[in-house]
Amino acid sequence: MRESELHELVAAAAAARERAYAPYSHFAVGAALRAADGAIYVGCNVENASYGLTICAERNAVAHAVASGARDLVALAVVTENGVTPCGACRQVLVEFGPEMTVIVADTRGNRRIYLLGELLPDAFGPEQLKDS
C-alpha cells in the first residue's frame with residue numbers, strides 16, 4: 001500500500017472518529033475500510049446505555065461496506081486516542097471479508113503501526129471451515 005493510500009485511509013478514520021457517539025466511555029473510535037475497488041467506507045463507535053448493544057467502529061464500517069455492495073476488503077485504518085487494535089469480535093468479522101487485509105492502527109498524535117489481519121487473529125475461523133458442512 002502506498003504512503004498516500006495509508007494517509008488517506010487514516011485521515012478518513014480520524015474524521016469518522018470525530019462523529020463517534022461515546023457518552024459513557026468517552027473512548028471515541030473511527031474506522032475506515034478500503035475495498036478492492038478503492039472505495040472507502042467509514043464507521044465510528046456508537047455506544048448505548050445498555051452497554052452490550054454498543055457497536056464498534058470497525059463493525060460499523062463493515063456494515064457500511066456490505067450495505068454498499070462491497071465484499072472484498074483489503075485495508076482497515078483505526079484511529080483512537082491511544083492507538084489500540086480492534087477487539088476480538090471485530091477481528092472475527094473482518095476475517096469474513098478480508099482475511100489478508102492490512103490493518104493500520106493510529107493514535108491522535110500521528111503514531112501508527114501496521115499489521116496483517118492474520119497477525120492479529122492467527123488461525124482464524126472463517127468461511128472455509130464451513131465448506132464441508
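These numbers were taken from a predicted model, which means no experiment stands behind them.
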With a 4.5 Å heavy-atom cut-off, do Gln92 and Leu121 have their side chains touching? yes

Are any non-hydrogen side-chain atoms of Phe97 and Val62 less than 4.5 angstrom apart? yes

What do the steps show when you test Ile104 against Val78 for side-chain contact (heavy atoms from CB on, under 4.5 Å), and what is the final call? CA-CA 6 Å; Ile104 305 118; Val78 180; over 6 Å; no

Could you go step by step and tell me if Tyr115 and Val105 meet the side-chain contact (heavy atoms from CB on, under 4.5 Å) rule? CA-CA 8 Å; Tyr115 303 92; Val105 178; 4.0 Å; yes

Report yes if some heavy atom in the side chain of Met101 is under 4.5 Å from a heavy atom in the side chain of Leu33; otherwise report no. yes

For the student: nearest non-hydrogen atoms of Ala16 and Gly43, plus distance: CB-O, 3.4 Å

Consider only side-chain heavy atoms of I, L, V, M, F, W and Y, link residues closer than 4.5 Å, and tell whether Val42 and Val10 are in one cluster. yes

Are any non-hydrogen side-chain atoms of Leu94 and Leu76 less than 4.5 angstrom apart? yes

Test item: Val93 and Cys90 side chains (from C-beta on) under 4.5 Å apart, heavy atoms: no

Closest heavy-atom pair, Ala20 versus Ala28, reported as atoms and distance to 0.1 Å, is CB-CB, 3.8 Å

Can you give me the closest heavy-atom contact between Val95 and Phe125, atom names plus distance? CG1-O, 4.1 Å

Pair Thr85-Arg91, side-chain donor/acceptor within less than 3.5 Å: yes

Return the SG to OH distance between Cys44 and Tyr21, rounded to the nearest 0.5 Å. 11.5 Å

Check the pair Arg112 / Glu3 against salt bridge (charged side-chain N to carboxylate O under 4.0 Å, His left out), numbers first and verdict last. CA-CA 12 Å; Arg112 64 182 187 208; Glu3 180 62 31; 2.5 Å; yes

Tell me, yes or no, whether the heavy-atom count around Glu100 atom CD, taken from other residues, nucleotides or ligands under 6.0 Å, exceeds 12. no

Side-chain contact, heavy-atom cut-off 4.5 Å: Cys56 with Pro86? no

Crowding at CZ, Arg2 (>12 non-hydrogen neighbours, <6.0 Å): no

Is there a continuous path of hydrophobic side-chain contacts, each under 4.5 Å between heavy atoms, that joins Ile40 to Leu117? no

With heavy-atom distances below 4.5 Å as the criterion, would you say the side chains of Leu120 and Val103 are in contact? yes

Glu5 versus Arg34, closest heavy-atom pair with distance: O-NH2, 3.3 Å

Are Ile114 and Leu116 linked, directly or through intermediate hydrophobic residues, by side-chain heavy-atom contacts shorter than 4.5 Å (ILVMFWY only)? no

Heavy-atom closest pair (Ala14 atom, Val79 atom, distance to 0.1 Å) is N-CG2, 3.8 Å

So, does Asn45 use its side chain to make a donor-acceptor pair with the main chain of Phe27 at under 3.5 Å? yes

Which heavy atom of Leu9 sits nearest to which heavy atom of Ala32, and what is that distance? O-CB, 3.5 Å

Within the structure provided, determine whether Val74 and Asp72 are in side-chain contact (heavy-atom separation under 4.5 Å). yes

